[in-house]
Amino acid sequence: MDRFMERAIELAVNNVKEGGSPFGAILVKDNEIIAEGVNELHLKYDVSGHAELLAIRKAQEKLQTLDLNGYTMYASGEPCPMCMTAIYYSGIKNVYYCASIEDAKEAGLGASTFIYEELALPREQRSIDIIHIPLESGMVNPLSEWVNK
């Protein structure tokens with residue numbers, strides 16, 4: 001097994017031993033580990049505290065950039081939809097994972113499967129109501145402000 005994947009697995013196993021969930025991730029560039037993360041939901045009561053997101057946050061802060069194009073993510077588990085979104089936004093092009101979302105579901109960690117299925121549905125069929133409220137006449141449009149900046 002690749003040494004970077006071995007490190008992601010090691011982080012995940014250690015996290016389980018410390019009371020967390022079985023997820024670890026590392027961000028690599030030019031054969032060097034730039035940042036690591038483990039799920040910290042149990043420590044900070046933050047649903048966004050996933051291993052991949054924490055590795056991305058650490059790398060972006062360390063490097064003072066939003067652009068992680070050219071970096072590679074190694075994760076002990078297949079990234080959830082939230083983490084995949086951050087991966088897309090940050091420009092990461094390669095993601096290697098070990099356990100699939102189906103494997104996680106079998107272990108009792110099936111939220112990712114449900115969310116991927118939900119996001120594939122039209123808005124009106126999702127289990128969460130998503131209601132559009134158009135901007136009223138006379139209100140400042142934040143998108144226009146951005147374009148005119």
Side-chain angles (χ1 to χ4, degrees), residues 1-133 141-143 145-147 149:
M1 182 176 278
D2 181 282
R3 71 182 175 104
F4 297 126
M5 185 58 76
E6 286 180 3
R7 178 62 182 152
I9 298 298
E10 178 184 21
L11 290 168
V13 169
N14 288 340
N15 201 44
V16 170
K17 290 177 182 175
E18 294 173 8
S21 54
F23 300 105
I26 63 171
L27 202 53
V28 174
K29 184 166 187 184
D30 298 328
N31 220 25
E32 179 186 342
I33 296 174
I34 304 302
E36 300 180 336
V38 296
N39 276 36
E40 293 184 352
L41 284 73
H42 66 295
L43 296 176
K44 302 198 177 179
Y45 303 100
D46 174 6
V47 296
S48 71
H50 287 202
E52 299 89 339
L53 285 178
L54 294 174
I56 289 170
R57 287 177 190 158
K58 289 175 185 176
Q60 289 177 329
E61 184 175 355
K62 175 181 177 180
L63 303 167
Q64 294 293 289
T65 185
L66 297 174
D67 183 9
L68 297 177
N69 188 16
Y71 291 74
T72 300
M73 175 74 68
Y74 290 82
S76 63
E78 184 175 357
C80 75
M82 176 176 60
C83 293
M84 280 305 302
T85 300
I87 288 165
Y88 277 105
Y89 274 126
S90 66
I92 296 167
K93 299 289 188 235
N94 297 303
V95 178
Y96 296 93
Y97 67 91
C98 195
S100 69
I101 59 170
E102 293 81 12
D103 296 332
K105 184 176 181 178
E106 286 179 24
L109 301 164
S112 292
T113 305
F114 169 75
I115 295 169
Y116 273 121
E117 291 167 356
E118 278 277 306
L119 292 175
L121 296 172
R123 287 182 194 101
E124 61 276 359
Q125 292 180 17
R126 295 179 190 162
S127 63
I128 295 174
D129 293 332
I130 302 175
I131 302 159
H132 178 226
I133 300 176
N141 184 330
L143 294 176
E145 291 293 307
W146 171 256
V147 169
K149 182 173 107 170

[X] side chain to [Y] main-chain N or O, any donor-acceptor pair under 3.5 Å?
X: Asn39; Y: Leu41; result: no
X: Lys62; Y: Ile34; result: yes
X: Thr72; Y: Asn94; result: no
X: Asp67; Y: Asn69; result: yes
X: Glu18; Y: Asn15; result: no
X: Lys58; Y: Glu36; result: yes

So do [Y] and [X] actually touch side chain to side chain, heavy atoms under 4.5 Å?
X: Ser90; Y: Met73; result: no
X: Gln60; Y: Leu68; result: yes
X: Tyr96; Y: Asp2; result: no
X: Phe114; Y: Ser127; result: yes
X: Asn31; Y: Phe4; result: yes

For [X] and [Y], which heavy atoms make the closest approach, and how far apart are they?
X: Ser21; Y: Val16; answer: C-CG2, 3.9 Å
X: Ala55; Y: Ala25; answer: CB-O, 4.1 Å
X: Ala12; Y: Gly24; answer: CB-N, 3.6 Å
X: Leu63; Y: Tyr71; answer: CD1-OH, 3.1 Å

Does [X] [atom1] have over 12 foreign heavy atoms under 6.0 Å away?
X: Tyr116; atom1: OH; answer: yes
X: Arg123; atom1: CZ; answer: no
X: Glu124; atom1: CD; answer: yes

Which donor-acceptor pairs under 3.5 Å do side chains of residues 100-107 form with protein atoms, sequence neighbours excluded?
residue: Ser100; atom: OG; partner: Glu102; partner atom: N; Å: 3.3
residue: Ser100; atom: OG; partner: Glu102; partner atom: OE1; Å: 3.2
residue: Ser100; atom: OG; partner: Asp103; partner atom: N; Å: 3.0
residue: Ser100; atom: OG; partner: Asp103; partner atom: OD2; Å: 3.2
residue: Asp103; atom: OD2; partner: Ser100; partner atom: N; Å: 2.9

What distance separates [X] [atom1] from [Y] [atom2], expressed to the nearest 0.5 Å?
X: Glu52; Y: Tyr97; atom1: CD; atom2: OH; result: 12.0 Å
X: Phe23; Y: Glu78; atom1: CZ; atom2: CD; result: 10.5 Å
X: Leu11; Y: Leu54; atom1: CG; atom2: CG; result: 11.5 Å
X: Ile9; Y: Ser76; atom1: CD1; atom2: OG; result: 5.0 Å
X: Arg7; Y: Glu10; atom1: CZ; atom2: CD; result: 4.5 Å
X: Met84; Y: Ser112; atom1: CE; atom2: OG; result: 11.0 Å

* Asked: What do the steps show when you test Ile115 against Cys80 for side-chain contact (heavy atoms from CB on, under 4.5 Å), and what is the final call?
  -> CA-CA 8 Å; Ile115 295 169; Cys80 75; over 6 Å; no

